[in-house]
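Below is one structure, written out as structure tokens, with a few remarks after it.
All heavy atoms count here, side chains included; hydrogens, waters and symmetry mates do not. So that the names make sense, note that chain A is the first sequence line, chain B the second, and so on, each numbered from 1. Bear in mind that the values here come from a model prediction, so they are computed numbers and not experimental data.
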Amino acid sequence: MKKVWEVYPLRVAFASIPAALIVSALAITLLPPSVSFWVSGAVSAFSAFLFVAYAWGRHAGGLLVAPAIALLFCMNIFPLLWSFGLSFFHYRANRLAPPRFAGLHYYEKVLTDPVVWDRLQVTAQLVVLTVSLQMIVGFLLAMLFAKQFPLRRVLLILVLTPMMLSFVAVGAFFRYYYEPTFGLLSQAVRVFTGEPYVLLQSTAGAIAGIVFADAWMWSPFVMLLVLAGLVSVPKYLYEAASIDRISHWRRFWNITFPYVRSLLMLALLFRTIEAFKLFDVVFLLTEGGPGTSTETIAVYVYRVSFQYFKTSESAALAYILLFTVIVLTNLYLYFANQRNRT
Amino acid sequence: MKHVNTLKAVAGGTAAVAVLSAGLMSAAPAYAEDVVLRMAVPDWPPTRIMKDLFDKSYKAKSGNNVTLEPDFIPWPDYYTRLSGSLTSGEKRYSMAVSDSQWLGAFIEGGYYQKLNDAIDADPELQKIMESLNPALVDAYSTYPHKSKNYYGFPQMPDVLVAYYRTDVFCDAGEAAAFKAKYDAALPCTPEEMNNADWDMVQKFGEFFGRKKGENLSGKALDDDFYGIAYQAGKGYDFSTMQIASMIWQHGGDIWDETKAPTGKAEGVVNSPEAVAGFERYLSLLQYMPPVVKTGTMDIFKQDELFREGKVAYMINWIGFAESSIDAKTSKVSDKVDFAMAAGLKESDGSINRTYNIGGQPFVLMTWNDETTNTEALEFVKWWLSAETQVAFAKAGGQSGLKSVYEDASYNDFRPWNHAFGASIGNQKDIWHIPEFFELLVQQQAEFDKAITGQQDAKSALDAIAKFQEELLQETGHIE
């Protein structure tokens, strides 16, 4: 007589999941943490082993990607879900007190907190400014590099360099660049005015400094995407246009732009999401100052989670941000599709 | 099927290795006497010197083979890295050098070990505690602040002192011009500089602020030069340390945790005396290098400006002094001297020099096993023995043992040591409660607005008082 395992190996493997969950739950409630950790680990491992045993010889391909998926789950998906769970509990990572259920308390707190709204406004300001600047500069650069000229390749590499640098290096570099005593900017202005130039002393100056640094780093990225669109425009369209003596403006608007539009939308999407999370440059250049006038929501989340250790509150805030970014992304995609249809 | 065979081979190989190594591990004899003291430390001279001294001269009395393994972590990341390690539960460290303000947060978290039992059981430790300067014991060891619960021992005590340029202050031409302008003598020796109060410092600022091309000590300047500098940075506590000092000197106070739960923040933090102290602080910023206007002149920036030869007089921690007299790191290495930091002249002519304490204690962790803990305490006793402390001071560190820093020879070890012993008694500390980081971040942001000229002293302190009153009521520190 054949055993269940030999007849329905997959069913047994699947059945082991709820069994493992029940055993883990019991272990966590009944046993001390140091023991329950290993018990849950062992039953999960056993469940995983059943799947591996089933797949052995049957699905070699699936088995080969399994480690990558397992790693993704452990390092990425699980912490994500765990922190989502924590946002519904009273919990501080630097205390030994176990989590207590809090319901939607932290979501309510975060959404009604004037500080959060203030930081969101700062972020919105920076996003609008830095993304528009990047789009314009990136587009112009792409127009330039779409043409052939001497040393084009060398210059292209140079222009692309900033986006390959690390954020921290760029932050440190601009900190010195703007520094009034030793900095290049101040030295250059001083040639004309005789006075050291202190860019970061006002809110407007600090915002300008951050926007410039971020745009310096990321305009090349926009350029790269737009350039791909520009070089894909068929030459014959331009030839036809010049036979018809179409003006430069209309040529751009009717031939060039439709080819780069979708890529521009993509660049806009990427850059908006990234700019929304702006942290490194701000933290290194101004620490959110003067006062809190450049403290972005990302810097604020960092403070709440790692300086104040309000773990639940920061988790709730982070999920609201994630939600915002997802909504923004979908809006973009919706409009992009609308346009493509018309 | 080839893939599967390979897989089997790999799995078999891995299993064989695992079995083999498990066998080796269990077969290895257990050396119970190997003890590693793994310690989280900030990366700077006082901890580097400690490691050197340990490796050169430490012999455990127990006969165990004790090694000290510090993780040197850069200062700006230190809090994040240490708190990350502690809260993750990895239990990596058996000891750590901790800023005194973190005591509350990490004691409440259950990480730092209470040392009362160990001290009560050990006459040698009792003797050490008695011979330490009481200001150090209060700030580095007690939680709640100034209670009888002990958690730490001084690793390196630090105070704010004045660094000044002798080529500028001791120049005859400059002295004559100063005399002519203010009808006052320009201090040159440390004794004279010890008498400088804030009015005098304001004069230094005004007098030594020179443009490129103007003369300084008879030579034309190739760059702008500035009279004074002290900390005014938004990061961490890089303005609070100086501002709290100024507020105390002017008779004001911060929210005092020892008066909880009846002590208020409103009316104390923004009292007229506190406002006067903060206004005095702000009034001197105009004489400092222009980076001060951006709110990024932290202790590191000040130190850099001074070593680059841009500043005549600076107030900073002793921890930076070694690099300012080293020709490899300082352009002014041969023309620096040190004095007590300036204070407020009282009506009787004395100078009020209440300052915020610097330096750090070390702490022991709650999860240490008995052997590690015993060895850690033995290490502490070795570190705080007069012999080690003298060696530490000779190498550029500071000692909190009265017998060491009060000895006349102590002042000869380093040119700033005379200022240390004289200043240590005037030290106070800010808060140690678990919410200290929230208090600090909000306060630093409000100070920063005032430093960058966006609001005046009164509105900054009003905003701080209001925030603290609310937060501290919420957390039960104020009734």
At a heavy-atom separation under 4.5 Å, does [X] approach chain B through its side chain, its backbone, both, or neither?
| X | value |
| --- | --- |
| A/Phe283 | neither |
| A/Glu179 | side chain |
| A/Thr286 | backbone |
| A/Leu285 | backbone |

[X]: partners by ring pair (Phe, Tyr, Trp, His ring centres under 6.0 Å), with sequence neighbours left out:
| X | value |
| --- | --- |
| A/Tyr106 | A/His90 |
| A/Tyr178 | A/Phe174 |
| A/Tyr300 | none |

Gap separating the OH atom of B/Tyr93 from the CG atom of B/Leu364, nearest 0.5 angstrom: 15.0 Å

Given that the side chain runs from C-beta out, which part of [X] has a heavy atom under 4.5 Å from chain A: side chain, backbone, both or neither?
| X | result |
| --- | --- |
| B/Lys301 | side chain |
| B/Phe436 | neither |
| B/Tyr79 | side chain |
| B/Thr80 | side chain |
| B/Tyr111 | side chain |

Top contributor to chain A contacts, counting heavy-atom pairs under 4.5 Å, from B/Asp223, B/Val291, B/Leu440: B/Val291

A/Tyr197 six-ring centre to B/Lys293 NZ/CZ under 6.0 Å and within 45° of normal: no

Proximal to chain A - members of residues 452-474 of chain B, heavy-atom separation under 4.5 Å: B/Thr452, B/Gln454

Flag, side chain of B/Asp448 to backbone of A/Gly289, donor-acceptor distance under 3.5 Å: no

B/Phe106-B/Tyr112 aromatic ring centre distance below 6.0 Å: yes

